[in-house]
Amino acid sequence: MKITVKKGNAMEQKTSCLVLGVFEGKYKEEQIVQFDQQVGEAFKRATRSKEFTGRNRETLLLHGGSQALAERILLVGLGKESTFSLGSLRQVTSDAVKLLAGKQLGSFILALSQLSVKKTDLTERIQAITEGVLLADYRYDRYLPKAKPGQPVSLDKIDLLISTEENISSAKAAVTVAEAIAAGVCFARDLVNAPGNLKSPEYLAMQAVAMAEQVGISASLLDRRELERQGFGAMLGVAQGSEQEPYLIVLEYRGGIDTDQPIALVGKGVTFDSGGISLKPSEKMDEMKMDMGGAATVLGTMQAAAQMKLPINLVAVVPAVENMPSGTAIRPGDILTSLSGKTIEVLNTDAEGRLILADALTYVGHYQPRFVIDLATLTGACVVALGHQAAAVLGNHEGLIRQLIKAGERSGERFWQLPLWDEYADLVKSDFADVKNTGGRAAGTITAAAFLQQFADKYSWAHLDIAGVAWAEQGKAGQPKGGTGFGVRALLEYLREEAK
Ligand code: BES
Ligand code: MN
Ligand code: ZN
């Protein structure tokens with residue numbers, strides 16, 4: 001879909017559809033009154049009968065009268081002006097696009113960039129609108145029959161209207177940025193939505209290599225032999241139950257100056273998590289194809305960062321494995337020697353994420369990273385604690401955690417901090433090894449992080465548990481059911497701030 005920026009007055013647009021926003025209780029504003037005359041006061045009648053009041057996410061589609069230039073006018077309710085945010089702007093844009101996508105209009109004009117959103121400038125609003133458009137246009141349909149006539153189709157062109165006084169080149173630049181970000185999110189969603197039979201660790205590795213080639217960053221893969229040679233005992237322990245070959249995926253992007261220490265991103269890449277010998281119940285086991293959501297977000301972020309040419313150095317490390325039960329699988333009670341040299345008692349083979357992350361976190365230390373951020377669909381306990389509204393953030397560096405929370409607020413992807421006090425580390429001490437891979441029923445998200453902390457002791461580190469947010473059980477405009485790509489937008493917001 002082509003998104004262009006256009007200068008002009010909303011009332012003077014000849015188009016098949018013009019989209020306008022209306023704040024709750026603010027439908028007497030001059031522009032609205034002016035346009036209402038063009039449609040024979042249809043809007044006034046609709047507000048009188050309370051069919052449309054401007055409440056958030058309410059919509060009203062009117063057909064232009066003989067005096068109107070626009071054939072149709074879609075009014076979207078914005079709610080109260082005082083609480084309107086970039087997130088609301090993104091959401092109402094997605095709503096409008098979803099509503100119009102089914103109508104075979106081909107193209108339309110969005111006049112939303114003038115809306116007042118507190119503490120924002122035009123480029124941020126254009127970015128939110130563009131993201132709203134592109135994320136609403138996403139579908140995972142590679143296994144569905146080709147769309148039939150009458151079914152929603154992809155739109156081909158959308159104009160974003162800005163006023164004549166505004167700077168068109170910075171608005172265009174914001175569209176380009178948002179296109180890169182949305183492409184990163186959609187790449188991540190595609191990876192998460194791919195079924196486990198297609199998505200082996202090797203497939204994930206090949207997707208990463210192809211993406212790296214496309215955006216011009218370097219990629220390398222460590223295969224089983226190399227992982228054995230270097231001593232990735234924890235990661236290989238998880239991989240040994242599966243017929244699928246494990247890979248450590250390493251990507252490097254160098255947009256900063258040579259001497260800048262990189263920021264490292266580490267993503268859990270379990271392409272399917274059956275639980276292993278500690279087998280999961282069959283209900284909802286299908287969702288465990290999303291257990292590489294952390295990896296997907298890291299790869300989507302790398303793609304967008306390279307496309308945006310961020311002036312920063314990045315390294316991404318993704319341990320990719322499949323967790324299966326078999327005659328060669330690890331057993332509860334097994335003891336693994338990790339890459340760090342620390343020994344791990346495996347009490348539950350379903351706590352496999354922290355095992356592969358232990359080795360990945362050790363490995364990434366070789367890059368002398370300024371900060372390390374890992375993302376993982378790590379614990380069911382996180383879903384219990386925060387539901388599907390926020391990811392958990394924990395770590396050993398308060399400044400980094402605060403930065404991530406702030407970036408999350410700005411991008412509409414929420415992070416909520418949980419404590420990581422020393423006492424929790426006691427819960428993962430083992431009688432037979434340095435650590436054990438479960439900490440009991442209490443504080444499951446925190447004890448998982450306390451386990452990871454043992455392997456992240458040489459640098460500043462934050463851990464994001466995205467178990468509750470990587471997969472949407474219920475779809476909405478801008479987010480169909482399935483993989484969400486959660487974290488791509490927040491990480492890019494954080495990295496752009498960090499690169500300043
Ligand atoms: N991948 C799961 C966590 C998960 C659960 C992600 C639900 C998304 C939705 C992880 O590997 C796991 O199985 N964790 C166990 C750990 C336990 C055995 C200590 C869990 O949370 O039950
Ligand atoms: Mn598991
Ligand atoms: Zn898992």
Side-chain angles (χ1 to χ4, degrees), residues 192-193 196 199 201 204 234-235 237-242 244 246 266-297 318-325 329-334 344-360 374-392 394 418 424 427-428 430 435-452 463-474 481-484 486-487:
V192 173
N193 287 330
K199 183 173 56 187
L204 204 58
M235 177 178 169
V238 178
Q240 79 189 38
S242 169
Q244 302 296 335
V266 176
K268 173 178 173 182
V270 176
T271 58
F272 185 71
D273 180 13
S274 68
I277 295 298
S278 313
L279 194 65
K280 285 183 179 298
S282 47
E283 195 191 343
K284 289 202 180 169
M285 203 202 271
D286 61 292
E287 285 184 7
M288 282 303 127
K289 69 175 181 177
M290 58 89 138
D291 212 17
M292 35 56 72
T297 295
V318 169
V321 299
E322 187 182 45
N323 187 24
M324 290 299 235
I330 44 167
R331 321 146 186 84
D334 282 5
I344 305 171
E345 186 187 12
V346 179
L347 289 182
N348 190 317
T349 66
D350 197 12
E352 84 297 341
R354 62 198 78 181
L355 296 176
I356 66 171
L357 287 173
D359 283 349
D374 81 73
L375 291 97
T377 48
L378 202 62
T379 62
C382 188
V383 191
V384 175
L386 299 173
H388 306 291
Q389 305 309 321
L394 309 93
L418 296 178
Y424 292 110
L427 299 173
V428 291
S430 159
V435 278
K436 57 184 179 186
N437 81 332
T438 59
R441 273 181 63 81
T445 302
I446 300 176
T447 54
F451 176 95
L452 295 181
H463 159 62
L464 304 173
D465 192 331
I466 58 170
V469 290
W471 182 263
E473 258 174 80
Q474 266 158 348
K481 176 175 176 159
T484 60
F486 184 101

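Start at 1 and go down the list; that is how both ligands and their atoms are numbered. Because the structure is a prediction, the values reported are computed rather than measured.
For Glu287, the heavy-atom gap to ligand 1 stays at 4.0 angstrom or more.
With hydrogens and angles disregarded, no donor-acceptor distance shorter than 3.5 Å links the side chain of His388 to the backbone of Val469. Within the 3.5 Å criterion, the main-chain N or O of Ala392 finds no donor-acceptor partner in the side chain of Asp465. Under a 3.5 Å cut-off, the side chain of Ser242 and the backbone N or O of Asn323 do not form any donor-acceptor pair. When atom types are taken as modelled, the side chain of Thr438 and the backbone of Gly440 share no donor-acceptor pair closer than 3.5 angstrom. At least one donor-acceptor pair closer than 3.5 Å links the side chain of Ser278 to the backbone N or O of Thr349. With Asp359 contributing its side chain and Met235 its backbone, the two residues share a donor-acceptor pair below 3.5 Å. Between the Thr484 side chain and the Ala470 main chain, a donor and an acceptor come within less than 3.5 Å of each other. Using a distance-only test at 3.5 Å, with no hydrogens or angles considered, no donor-acceptor pair links the side chain of Lys199 to the main chain of Leu204.
With distances taken over non-hydrogen atoms, the option nearest atom 4 (C) of ligand 1 out of Met288, Lys268, Lys284 is Met288.
Pairing each heavy atom of Ala295 with each of Gly269, the nearest pair is CB-CA, 3.8 Å. The heavy-atom pair separating Met290 from Ala467 by the smallest distance is CE-O, 3.9 Å. Of all non-hydrogen atoms in Gly483 and Val192, the two that sit nearest each other are CA-CG1, 3.5 Å. Among all heavy-atom pairs drawn from Phe272 and Met285, the shortest one is CE1-O, 3.5 Å. In terms of heavy atoms, Pro201 sits closest to Ala320 at CB-O, 3.5 Å.
Take a cut-off of 2.8 Å around the Mn ion (ligand 2): the protein N, O or S atoms inside it are Asp273 OD2, Asp350 O, Asp350 OD1, Glu352 OE1. For the Zn ion (ligand 3), protein N, O or S atoms closer than 2.8 Å were enumerated as Lys268 NZ, Asp273 OD2, Asp291 OD2, Glu352 OE2, with waters left out.
Contact atoms of ligand 1 toward Asp291: 1 (N), 11 (O) (distance under 4.0 Å to a heavy atom of the residue). Those atoms of ligand 1 with a heavy atom of Arg354 less than 4.0 angstrom away are 16 (C), 19 (C). Per-residue contacts place Glu352 under 4.0 angstrom from the following atoms of ligand 1 (heavy atoms of the residue considered): 11 (O). Shown in contact with Met290 at under 4.0 Å from a heavy atom are these atoms of ligand 1, numbered in order with element: 8 (C), 9 (C). Residue-ligand proximity, Thr377 to ligand 1, at heavy-atom distances under 4.0 Å covers atoms 1 (N), 2 (C), 3 (C), 6 (C). Of all atoms in ligand 1, listed by their number and element, those nearer than 4.0 Å to a heavy atom of Thr438 are 19 (C).
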- Query: Where do Asp374 and Lys268 land on the salt bridge (Lys or Arg N to Asp or Glu O under 4.0 Å) test, with the steps shown first?
  - Reply: CA-CA 8 Å; Asp374 81 73; Lys268 173 178 173 182; over 6 Å; no

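Remark: ligand 1 and Thr379 share no N or O pair separated by less than 3.5 Å (distance only, no angle test). Looking at ligand 1, you won't find any N or O of Asn437 less than 3.5 Å from one of its N or O atoms.
Of the protein's non-hydrogen atoms, the one nearest atom 2 (C) of ligand 1 is Asp273 OD2, 3.6 Å. Among protein heavy atoms, atom 10 (C) of ligand 1 sits closest to Leu378 O, 3.3 Å. The nearest heavy-atom contact from the protein to atom 21 (O) of ligand 1 is Gly380 N, 2.7 Å. Of all protein heavy atoms, the one lying nearest to atom 15 (C) of ligand 1 is Asp350 O, 4.0 Å.
Qualifying side chain to side chain donor-acceptor pair (under 3.5 Å) partners for Glu283, counting only residues two or more places apart in sequence or in other chains: none. Scored by the side chain to side chain donor-acceptor pair (under 3.5 Å) test, Asn437 finds no partners at all (sequence neighbours excluded).
Under the 4.5 Å side-chain criterion, counting only non-hydrogen atoms from C-beta, Val321 is not in contact with Glu352.
Contacts between Val270 and ligand 1 below 4.0 angstrom, taking non-hydrogen atoms only, are absent altogether. Contacts between Asn348 and ligand 1 below 4.0 angstrom, taking non-hydrogen atoms only, involve the side chain exclusively.
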